[in-house]
Amino acid sequence: MTCLKASKLTFLLCLLISFSWVRSAHPREDFLKCLSLHFEDSAAMSNVVHTPYDSSYGSILQFSIRNLRFNSSDLKPLVIVTPTNASHIQAAILCSRRHNLQIRIRSGGHDFEGLSYMAAVPFVIIDLISLRAVNVDATNRTAWVQAGATLGELYYSISEKSRTLAFPAGSCPTIGVGGHFSGGGHGTMVRKFGLASDNVIDAHLIDSKGRILDRASMGEDLFWAIRGGGGQSFGVVVAWKISLVEVPSTVTMFSVSRTLEQNATKLLHRWQYVANTLPEDIVIDVLVTRVNSSQEGNTTIQATFFSLFLGEVDQLLPVMQESFPELGLVKDDCFEMSWIESIFYTAGFTSNASLDALLNRTPRSISRFKAKSDYVKEPMPEIAFEGIWERFFEEDIEVPALILIPYGGKMDEISESSTPFPHRAGNLYALVSSVSWSEESKEASRRHVAWIRRLYSYSTTYVSKNPREAYVNYRDLDIGINNLTGTTSYKQASIWGRKYFKNNFERLVRVKTEVDPTNFFRNEQSIPSLSSW
Ligand SMILES: Cc1cc2nc3c(=O)[nH]c(=O)nc-3n(C[C@H](O)[C@H](O)[C@H](O)COP(=O)(O)OP(=O)(O)OC[C@H]3O[C@@H](n4cnc5c(N)ncnc54)[C@H](O)[C@@H]3O)c2cc1C
Ligand SMILES: *[C@@H]1O[C@H](CO)[C@@H](O)[C@H](O)[C@H]1NC(C)=O
Ligand SMILES: *[C@@H]1O[C@H](CO)[C@@H](O)[C@H](O)[C@H]1NC(C)=O
Ligand SMILES: *[C@@H]1O[C@H](CO)[C@@H](O)[C@H](O)[C@H]1NC(C)=O
Ligand SMILES: *[C@@H]1O[C@H](CO)[C@@H](O)[C@H](O)[C@H]1NC(C)=O
Ligand SMILES: *[C@@H]1O[C@H](CO)[C@@H](O)[C@H](O)[C@H]1NC(C)=O
Ligand SMILES: *[C@@H]1O[C@H](CO)[C@@H](O)[C@H](O)[C@H]1NC(C)=O
Ligand SMILES: *[C@@H]1O[C@H](CO)[C@@H](O)[C@H](O)[C@H]1NC(C)=O
Ligand SMILES: *[C@@H]1O[C@H](CO)[C@@H](O)[C@H](O)[C@H]1NC(C)=O
């Protein structure tokens, strides 16, 4: 572009454009100076602003890394801001804009690809760890939950107020509500109550101009976009208002494992016809892993059928006998408990641990992993599973796993366009494949990532097509090209955009273009703004 024969107007435009690309020689210092104007004193600022020269920086950065694959990444932020007040977020946004720094927003840090804390450009992390109050209104059956709260903190706070109130969201208690609710959020009550995002009724969001908006002031388009469109594209969510759901005071769980020798493949095949047509009070998830058979040390595959039923065991058994007799469920496999105990049990805690373990933000275990998601619309034939098992048996990979999450029920009743999350009627289940490993080497990483890409390629025939759908909360940078600069073209974006959002992608782009025309809030898979191209 040349400004040589420009009129005054285009000259100014060119100036504006080139100005926005000037990088400061001292971006960190300029950013800090700008921030300091927003704090009353340096003591107030030092509690909230962390640079590599502070001893707090390393521990805060590392604390919420939930995929060890990225634990020793060089792509570190210039500054981490841990706001304790919305005004700190406003200041961080304004100062990042002014000094051309990208921001990354982190709540629970579970992003599969580490996008909430890594970038290949100069950037600042806004880490919401200190904004995590949960305010439960049991009378009105609502709660305000700040974005930095974890699911464990939310569930625990609800259980302090009532044994029969609950919230339908994911199973892992260290997940942050900031990322989770903005991408959907499915868990053990998804067939009865839908996604976490389906139960959000208001939100506080800070936009690219630094304005604090609620549902009324942001308008229904933007409120639609942040409930399933994925975090980071539209602003910083500070808090959600959610509608709580009612559950019986006694629920029932079971966990039944079967190996290949115990007909696991046949059961899994049958499960595909049953799980999404059961009464919506029952969710039976399946976890498939490779294990040693108990007798001999022979390696085998094991499918664990893991279930939450919103009712008592005597109601559950006849239903299971009628619909899924092959599983051979007996009363001894079942445990009655309260809903919060079911959360606790699902999270893998043993019964003698205290419930407040749900408040612990450090996961019980953490690994290096790569995962991918699919949606299955026609039952897969047994031979398809057998092909997957062959790959599971390959010796040079550590921990392969499949997780199958049944839909149907409430998920079938919500239209594809009512929120950005489009995977509704017609999906039997979500299929997650993952591989995790402990060896810290580039070679181990390469080998395991290559393995799961081969598995993904093998599965193509059996899963959704045109597009091959995927769940945005199970982020996968393999879908669409990227280079960690947070810049993608519209054409690239529409590749993963259609997989995650189907036809809702266009509406997301319209909303983005309207509310963040300069594409300030971005990452490798954020919604593109048309006006920035
Ligand atoms: C071990 C594990 C178990 C999981 N189990 C489930 C499950 O049972 N069900 C399920 O549905 N999903 C599950 N997930 C996926 C999980 O829902 C997503 O990774 C989710 O996005 C995590 O949210 P977070 O706040 O913890 O992550 P973060 O890494 O903090 O954020 C994820 C994304 O959201 C953005 N973001 C975060 N906070 C905000 C905010 N306040 N405002 C705007 N954008 C924000 C980030 O920038 C990033 O792009 C699991 C993930 C892991 C690692
Ligand atoms: C992550 O890296 C930090 C240092 O960068 C190290 O101290 C820590 O032990 C690592 N965590 C794990 C679980 O390996
Ligand atoms: C943020 O600071 C303002 C002004 O001091 C105060 O009114 C408000 O209550 C604070 N908010 C939070 C969440 O602490
Ligand atoms: C319930 O909501 C109503 C209307 O929003 C409000 O007036 C009332 O105070 C709420 N109840 C409680 C217990 O907070
Ligand atoms: C597996 O299935 C076969 C026939 O379908 C049956 O004969 C056998 O008993 C089953 N094995 C187990 C362990 O259930
Ligand atoms: C493994 O299984 C086979 C037959 O299924 C059996 O012959 C063998 O003894 C078992 N044990 C070992 C250690 O291979
Ligand atoms: C499986 O059993 C063999 C032989 O007992 C043992 O060497 C191996 O470590 C076991 N593997 C796992 C994953 O338990
Ligand atoms: C809980 O019980 C298990 C075995 O029943 C035991 O190994 C564990 O140490 C106990 N944990 C606590 C916190 O008491
Ligand atoms: C990253 O990709 C974008 C979009 O294709 C491109 O414009 C940019 O130059 C790339 N950056 C690097 C460092 O390769």
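Just the heavy atoms: all of them, side chains too, but no hydrogens, waters or symmetry mates, feed the values below.
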Item to complete: Apply side-chain hydrogen bond (donor to acceptor under 3.5 Å, both in side chains) to Tyr471 and His186, showing your working.
Response: CA-CA 10 Å; Tyr471 173 27; His186 58 202; 4.7 Å; no
Practice prompt. Evaluate the ring pair (Phe, Tyr, Trp, His ring centres under 6.0 Å) criterion for residues Tyr407 and Tyr429: first the C-alpha distance (whole Å), next the side-chain angles of each, then the deciding distance (0.1 Å), finally the verdict.
Written response: CA-CA 5 Å; Tyr407 280 10; Tyr429 57 96; 9.2 Å; no
Item to complete: Starting from the C-alpha separation in whole Å, work towards a yes-or-no answer on ring pair (Phe, Tyr, Trp, His ring centres under 6.0 Å) for His448 and Phe369.
Response: CA-CA 8 Å; His448 286 91; Phe369 69 90; over 10 Å; no
Fill in: Chi angles and distances behind the side-chain hydrogen bond (donor to acceptor under 3.5 Å, both in side chains) call for Ser59, Gln62
CA-CA 5 Å; Ser59 56; Gln62 210 226 309; over 6 Å; no
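With a 6.0 Å radius and a threshold of 12 heavy atoms from other residues, nucleotides or ligands, Arg141 has its CZ atom at or below the threshold. For Asp41, the CG atom sits in a packed shell: over 12 heavy atoms of surrounding residues, nucleotides or ligands are nearer than 6.0 Å. Counting heavy atoms of neighbouring residues, nucleotides and ligands inside a 6.0 Å radius, atom CD of Glu440 does not exceed 12 of them.
Remark: the backbone N or O of Phe521 is paired with a side-chain donor or acceptor of Asp516 at under 3.5 angstrom. Checking side-chain atoms of Arg364 against main-chain N and O of Gly348 turns up a donor-acceptor pair under 3.5 Å. Side-chain N or O atoms of Gln102 include none that pairs as donor or acceptor with a backbone N or O of Ala119 at under 3.5 Å. For the pair Asp356 (side chain) and Leu359 (backbone), a donor-acceptor distance under 3.5 Å is absent. Of the possible polar contacts, one joining the Asn199 side chain to the Phe193 backbone as a donor-acceptor pair under 3.5 Å is found.
Using a 3.5 Å distance cut-off with no hydrogens or angles, the side chains of Glu469 and Tyr500 do not pair a donor with an acceptor. Between the side chains of Ser436 and Glu398, no donor-acceptor pair is found at a separation under 3.5 Å.
Taking the six-membered ring for Trp and thresholds of 30 and 60 degrees, Phe181 and Phe167 have ring planes inclined between 30 and 60 degrees apart.
Of the charged side-chain nitrogens involved, at least one lies within less than 4.0 Å of a carboxylate oxygen, so that Glu524 and Arg104 count as a salt-bridged pair.
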